[in-house]
K.L.:
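Below you'll find the structure I mean.
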Amino acid sequence: MSAQQNAATRPLLGCIADDFTGATDLANMLVREGMRTVQTIGVPDSAPQEVDAIVVALKSRTVPASEAVADSLAALSWLQQQGCRQFFFKYCSTFDSTAQGNIGPVADALLQALGSDFTIACPVFPETGRTLYRGHLFIQDQLLNESGMQNHPLTPMTDPNLVRVLQQQTESKVGLIGYPTVSQGAEQIRTGIDVLRQQGVRMAIVDALENQDLYAIGAACADLPLVTGGSGIALGLPGNFLRAGLLNPQQGAKASELPTVDGLSVVLAGSASKATNAQVSAWIEANRPAFRIDPLALAAGEPVVALALVFAKQHLNQQPALIYATTTPEQVKQVQAKLGVERAGLLIEQALADIAAALLASGVRRFVIAGGETSGAVVKALGVHALRIGAQIDPGVPATASIGATPLALALKSGNFGSVDFFEKALRQLGETRL
């Protein structure tokens with residue numbers, strides 16, 4: 001292979017995501033825009049072949065900032081070795097973080113490693129109701145701190161002003177590119193970037209209300225070594241490579257194709273978000289089989305996992321079953337008061353991971369998983385190291401297929417994403433017909 005041919009087969013965009021479902025969400029956007037995309041679970045040992053973008057999924061959203069920085073720099077180094085031309089740091093569209101990080105510290109470290117002096121921060125995702133105006137993040141028609149995110153068990157968001165939130169996490173000067181500038185298109189956004197750079201700003205929150213804004217922002221960021229944001233901003237990045245003649249549109253048209261996966265199906269839900277609560281309720285109201293995991297029973301040493309497996313095996317040959325720990329925010333707080341925040345979460349994650357591993361051995365090959373932390377734990381238990389990304393099920397959630405000796409079909413859903421009937425839609429798209 002010549003040097004020119006070798007360069008043509010290297011990935012163009014290298015992405016670092018701070019959780020598993022967020023990585024899948026990002027990969028979904030890139031596939032929609034014609035980039036053949038693979039998601040890896042952590043930094044892999046080998047490089048995927050014939051892809052345009054690689055998304056490295058970390059579990060760095062809620063770990064100590066120093067650990068998040070170290071993991072992200074390791075991912076960056078590996079992506080640089082693969083020949084990526086631009087890099088993207090992906091976090092949640094609700095800007096999930098604390099006063100200590102981890103968005104600011106990771107962005108600072110990546111900028112330094114890349115020798116760059118500026119990046120943007122844009123968590124906007126209009127298709128799921130996440131918009132930014134005058135630096136304030138809205139979830140549908142509510143400010144971030146009134147949307148329910150103020151009650152998040154790990155990263156409560158109590159301030160909708162993202163300039164202020166990010167400035168608390170970094171010593172870099174944070175600025176704002178407001179909607180009056182964004183609405184005028186890519187050239188004006190580039191001018192806004194230049195003005196902020198002259199003012200010593202190193203990171204800029206960027207307003208956006210619609211997808212067309214994201215395409216303009218993406219075009220304005222073509223020359224930035226690092227872009228940061230939610231998955232929505234990724235809509236505007238593939239076009240830069242296409243215009244540069246680096247992206248093959250014929251290959252892009254087939255970017256979402258996945259292999260067929262046969263086997264039994266299960267739904268595992270660990271998120272306590274409003275969306276997942278509604279999806280669990282809809283499943284139960286449709287008289288579909290469901291088994292609830294009680295964290296207090298787990299803590300008491302009761303055989304909850306064994307009982308869940310007995311239940312699943314009684315139903316899975318006839319139809320898919322739901323095994324869930326999803327509950328209301330009030331009940332979550334009660335459990336956390338008794339067990340502690342970290343222990344409560346780990347008990348649920350480990351239980352669902354153990355259940356998934358046992359069901360895999362029993363012939364389950366299609367998994368719908370709700371919740372970022374749950375998805376990370378389950379994917380690890382299943383021995384999945386990389387995913388090929390397929391067509392979208394709902395905004396932010398694609399179908400995926402594992403890369404490995406035993407192909408699995410998976411839908412990894414962020415807790416806040418998906419319509420009320422998401423579980424059924426996801427199962428059908430993964431190939432389940434017994435619904």
Side-chain angles (χ1 to χ4, degrees), residues 9-11 13-28 30-31 35-61 63 67-68 70-84 87-90 255-263 266 268 270 349-350 352-361 363-369 371-390 397-414 430:
T9 61
R10 290 178 178 176
L13 184 65
C15 308
I16 303 163
D18 67 358
D19 83 339
F20 291 93
T21 54
T24 309
D25 170 15
L26 168 60
N28 172 55
L30 298 174
V31 167
M35 295 190 89
R36 298 168 299 168
T37 305
V38 164
Q39 173 182 334
T40 69
I41 314 304
V43 179
D45 295 326
S46 59
Q49 301 297 313
E50 302 295 326
V51 296
D52 303 309
I54 303 174
V55 182
V56 177
L58 302 177
K59 193 176 181 182
S60 58
R61 182 170 299 172
V63 301
E67 186 177 336
D71 290 347
S72 300
L73 288 175
L76 173 65
S77 177
W78 183 83
L79 289 167
Q80 287 176 310
Q81 292 171 27
Q82 310 317 308
C84 296
F87 302 90
F88 186 95
F89 170 39
K90 194 274 176 193
S256 65
E257 293 182 356
L258 293 178
T260 300
V261 175
D262 296 320
V266 71
L268 303 173
E349 290 172 30
Q350 189 60 55
L352 290 172
D354 290 344
I355 290 166
L359 291 177
L360 174 65
V364 174
R365 295 292 182 269
R366 304 187 190 103
F367 293 83
V368 176
I369 310 168
E373 300 298 321
T374 302
S375 293
V378 169
V379 165
K380 182 178 180 181
L382 294 175
V384 174
H385 300 291
L387 299 167
R388 191 165 295 282
I389 308 301
V397 193
T400 77
S402 66
I403 299 172
T406 303
L408 304 176
L410 303 107
L412 308 174
K413 184 190 83 72
S414 174
L430 296 183

K.L.:
Step by step, work out the side-chain contact (heavy atoms from CB on, under 4.5 Å) result for Val379 and His385.
P.N.:
CA-CA 8 Å; Val379 165; His385 300 291; over 6 Å; no
K.L.:
Determine, step by step, whether Lys90 and Asp25 satisfy the side-chain contact (heavy atoms from CB on, under 4.5 Å) criterion, reporting the C-alpha distance in whole Å, the side-chain angles of both residues, the deciding distance to 0.1 Å, and the verdict.
P.N.:
CA-CA 10 Å; Lys90 194 274 176 193; Asp25 170 15; 3.9 Å; yes
K.L.:
Taking Arg365 for the side chain and Val261 for the main chain, is one N or O donor matched with an acceptor at less than 3.5 Å?
P.N.:
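Side chain of Arg365 to backbone of Val261, a donor-acceptor pair under 3.5 Å: no, none is there.
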K.L.:
Can any side-chain N or O of Thr400 pair as donor or acceptor with the backbone N or O of Leu410 at less than 3.5 Å?
P.N.:
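Yes; judged by distance alone, with no hydrogens or angles, the pair exists.
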K.L.:
I would like to know whether Val55 and Leu30 meet side-chain contact (heavy atoms from CB on, under 4.5 Å); could you show each step before the answer?
P.N.:
CA-CA 10 Å; Val55 182; Leu30 298 174; 4.3 Å; yes
K.L.:
Counting neighbours of CZ on Arg388 that are heavy atoms of other residues, nucleotides or ligands and sit closer than 6.0 Å, is the number greater than 12?
P.N.:
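Open.
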K.L.:
Drop me the distance from Ile54's CD1 to Thr37's OG1, to the nearest 0.5 angstrom.
P.N.:
9.5 Å
K.L.:
Should Gln39 and Leu26 count as side-chain neighbours, where that means a heavy-atom distance under 4.5 Å?
P.N.:
no
K.L.:
Please answer whether the main-chain N or O of Ser60 pairs with a side-chain N or O of Asp18 as donor and acceptor at a distance below 3.5 Å.
P.N.:
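A pair under 3.5 Å: no.
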K.L.:
Please examine the side chains of Thr24 and Pro398, heavy atoms only from C-beta on, and report whether any two atoms are closer than 4.5 Å.
P.N.:
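Heavy-atom side-chain distance check passes, below 4.5 Å.
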K.L.:
Can you tell me how far CG of Asn28 sits from CG of Leu412, rounded to the nearest 0.5 angstrom?
P.N.:
11.5 Å
K.L.:
With a 4.5 Å cut-off on side-chain heavy atoms, are Phe20 and Ile41 touching?
P.N.:
yes
K.L.:
Working to the nearest 0.5 Å, report the span between CG of Asp19 and OG of Ser375.
P.N.:
8.0 Å
K.L.:
If you round to the nearest 0.5 Å, how far is CG of Leu58 from CZ of Phe89?
P.N.:
9.0 Å
K.L.:
Tell me, yes or no, whether the heavy-atom count around Gln49 atom CD, taken from other residues, nucleotides or ligands under 6.0 Å, exceeds 12.
P.N.:
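At most 12 heavy atoms, drawn from other residues, nucleotides or ligands, come within 6.0 Å of this atom.
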K.L.:
Counting only N and O atoms by type, is there a donor-acceptor contact under 3.5 Å from the side chain of Ser402 to the main-chain atoms of Leu408?
P.N.:
yes
K.L.:
So, the side chain of Arg10 versus the backbone of Gly83: is there a donor-acceptor pair under 3.5 Å, distance only?
P.N.:
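No; zero donor-acceptor contacts below 3.5 Å.
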K.L.:
Answer yes or no: is there an ion pair linking Lys59 with Glu373, defined by an N-O contact shorter than 4.0 Å?
P.N.:
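Salt bridge present between Lys59 and Glu373.
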K.L.:
To the nearest 0.5 Å, what is the distance between CD1 (Ile16) and CG (Leu76)?
P.N.:
5.0 Å
